Each structure stands twice: as C-alpha cells, then as structure tokens.
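From a predicted model like this one, the values you see are computed outputs, not experimental measurements.
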Amino acid sequence: MALPRRQPRPRSLLLLVLTWLPQSPSLAIDLIPYTPQITAWGLGGKVTATTFSLEQPRCVFDEYVSANDTIWLVVAFSNASRDFENPQTAAKIPTFPQLLTDGYYMTLPLSLDQLPCEDLTGGSGGVAVLRVGNDFGCNQRPYCNAPLPGQGPYSVKFLVMDAGAPPKAETKWSNPIHLHRGKDPSSIDTWPGRRSGCMIVITSILSTLAGLLLLAFLAASTTRFSSLWWPEEAPEQLRIGSFMGKRYLTHHIPPSEAATLPVGCEPGLDPLPSLSP
C-alpha cells in the first residue's frame, strides 16, 4: 500500500521563495548605530512652527564615509517613513516638492569635512546645529531646505551615498518631531472685560498715576513760563495811563540852606506881593 505524499508546510515554502529572490541593494547597506535628535544645546527657537534644529552627527560617519561620499538628510512625515526606499542613484533622490505628494524628501547634502570630529569649543568653524527648514528662498534649487509646511510629526535619518553607486550606510530613524502650532490672531481675546480683576486694578492705578504726573508737569510748566511773560513791577514805579515815571518824596530844607534863599523868601516875612491887580 502506497503511503500518502507529505505536503510541504507553508512556512517552508516561504523560506524557499525568500531564498530564491534576489536581495535588494537597500537591505545590504550598513546600519549606523546612531539616532538623530533635537540638539541639546540651550538655544532659543530649537523648534518653531516651520523649523527644527538637529545636533551635528560628529564622530559618527568616520568609519563609513570616504572623501567622495555625501551625507544626506532624509526628512519624512512619520507615518510615511516606512514607505521610504533608499534611492539607488543620485537622479532618483526625492526633492522638497515630493514631501507633499510622497511624504518624504532629501536635503542638506554634507561632506565628511563639514562634520569634523572635534569639540565645538575648539574653533573648528563648523555649524553648531543642522537647522531643517531654514532656507526661505530656495524653492527653485534642486535640494531645497524650505520651511516645513505643517506641524508634522516628522522623522529624519542620515543616508550615506556615493555619486556613482547605491547607498552605503544609513542611521536609524529619529523619534517623531512635532513642530509648534501658531495661534490664529483672530482667536486672541483682547477685550478688557475678560481680564482678571488684579490686572484691571493694576491698570487703573497706573493710569491714575500717569494722569497725576501729567497734571503736575503742566502746573510746573505754567508757573515757570508765566514768570517769563509777566514780570513783577518794581515798587518805585507808578503806572499813570500809558506813562511810566518815577515817584519823588518831598523832604525839609535843612537850616544851612536857608541863607541861600532869595530875598523875600526869608522865614517869617510876608510872601511876595502878587502881580495880579
């Protein structure tokens, strides 16, 4: 009696198919044990509504990059990073407009000498960070680093490529990077009735003090300029109509001057006769 033929298991068939299929060149590249991340430097604006700043991957590519290689930054929406396939030639490198259609692009081509393995404080001259989305006027250039169009989240990785060969090495994908969301100006409440009580009291006090200071300044200015326009009158001057004259005080004639009086004006004599009839 013939025994029934044993059917191959599905798992064994899958292994056979994978063995026969040619290996993709993108799976054969080296994986660099490095994960890109936002810079740890205490910089303002590390993450904005259109940009984010990565730390420089110094002392990371020395074992994988030669002088003719280029280090690319792959930027993708986090949900589209799994669909990204490493380009096999320079002509297939995705550019910035493909971010809105395919969900990813490549930018910031760097050479190894631009990322020296030196301390930043040693005066190497290299950039301190890699700022993604920092170029606002590059829409016509092929590998544009234009401002990012939305909040994201985004994921990035570095890819090492030779000009005439497929990619050589790549890093891990970063954690999702969320950009800041700008607030709609129409949603900002500027009505004073919705402010807190403390703010209203402080505003009232400051307004009152400002008004008092303004009144004091006006009073002092008025007093000062009034003395210049209307000067005080001297006590020895009299105003008679429009004539200004000095006031003389009468006084007694001393005895020594009595001898010099004309004849007929001696004291005790009758006054001079009148010339009138």
J.: Would you say R131's side chain and S53's backbone share a donor-acceptor pair under 3.5 angstrom?
T.: no

J.: Please answer: with hydrophobic residues joined when any side-chain heavy atoms are less than 4.5 Å apart, are V201 and L209 in the same cluster?
T.: yes

J.: Search all heavy atoms of M161 against all heavy atoms of A90 and return the closest pair with its distance.
T.: CE-N, 4.4 Å

J.: Supply the atom-to-atom distance S78 OG to H178 NE2, rounded to the nearest 0.5 angstrom.
T.: 6.5 Å

J.: When you look at H180 and V47, which way does the side-chain contact (heavy atoms from CB on, under 4.5 Å) test go after all the steps?
T.: CA-CA 7 Å; H180 295 322; V47 178; 4.0 Å; yes

J.: Is it the case that the side chains of N68 and S66 hold a donor-acceptor pair, with the cut-off being a distance below 3.5 Å and no angle test?
T.: no

J.: Checking side-chain contact (heavy atoms from CB on, under 4.5 Å) for the pair Y143/T95: CA distance, chi angles, key distance, verdict?
T.: CA-CA 6 Å; Y143 306 114; T95 57; 4.3 Å; yes

J.: Could you go through I38 and E55, starting from their C-alpha distance and side-chain angles, then the distance that decides it, and tell me whether this counts as side-chain contact (heavy atoms from CB on, under 4.5 Å)?
T.: CA-CA 6 Å; I38 298 295; E55 70 174 7; over 6 Å; no

J.: Have a look at L73 and tell me which of V132, L130, L110 forms a side-chain contact (heavy atoms from CB on, under 4.5 Å) with it.
T.: V132

J.: Any non-hydrogen side-chain atom of P94 less than 4.5 Å from a side-chain atom of D102?
T.: no

J.: Nearest heavy-atom pair of T35 and S174: which atoms, and what distance?
T.: CG2-CA, 3.9 Å

J.: State, to 0.1 Å, how close P147 and F96 come at their nearest heavy-atom pair, and which atoms those are.
T.: O-CZ, 3.6 Å

J.: Compare every heavy atom of A76 with every heavy atom of S81, then report the nearest pair and how far apart it is.
T.: CA-CB, 4.2 Å

J.: Counting C-beta onward and ignoring hydrogens, is there a side-chain heavy-atom pair between N86 and P166 closer than 4.5 Å?
T.: no

J.: So how far is it from D69 CG to Y64 OH, rounded to the nearest 0.5 Å?
T.: 13.5 Å

J.: Main chain of G133, side chain of N145: is a donor-acceptor contact present, judged purely on distance under 3.5 Å?
T.: yes

J.: How long is the span from the CG atom in D30 to the CD atom in E170, to the nearest 0.5 Å?
T.: 9.5 Å

J.: Would W173 and V74 count as a side-chain contact (heavy atoms from CB on, under 4.5 Å) if you check the C-alpha gap in whole Å, the side-chain angles of each, and the deciding distance to 0.1 Å?
T.: CA-CA 9 Å; W173 285 100; V74 183; 3.7 Å; yes

J.: Could you tell me the separation between the CG atom of L112 and the OG1 atom of T70, rounded to the nearest 0.5 Å?
T.: 11.0 Å

J.: Compare every heavy atom of L218 with every heavy atom of T222, then report the nearest pair and how far apart it is.
T.: OG1-O, 2.8 Å

J.: Which label fits F158 and Y34: parallel for a plane angle under 30°, tilted from 30 to 60°, or perpendicular past 60°?
T.: tilted

J.: Just how far is it from atom CZ of R82 to atom OH of Y104, taken to the nearest 0.5 Å?
T.: 13.0 Å

J.: Please name the pair of heavy atoms, one in A80 and one in G103, separated by the smallest distance, quoted to 0.1 Å.
T.: CB-O, 3.8 Å

J.: Please test Y154 against F77 for ring-ring contact (aromatic ring centres under 6.0 Å, His included), starting from the C-alpha separation and ending with a verdict.
T.: CA-CA 4 Å; Y154 299 92; F77 289 112; 5.0 Å; yes

J.: Is there side-chain contact between V60 and I32, with heavy atoms separated by less than 4.5 Å?
T.: yes

J.: Measuring only between side-chain heavy atoms, which start at C-beta, is F61 closer than 4.5 Å to T171?
T.: yes

J.: Supply the atom-to-atom distance D135 CG to T107 OG1, rounded to the nearest 0.5 angstrom.
T.: 8.5 Å

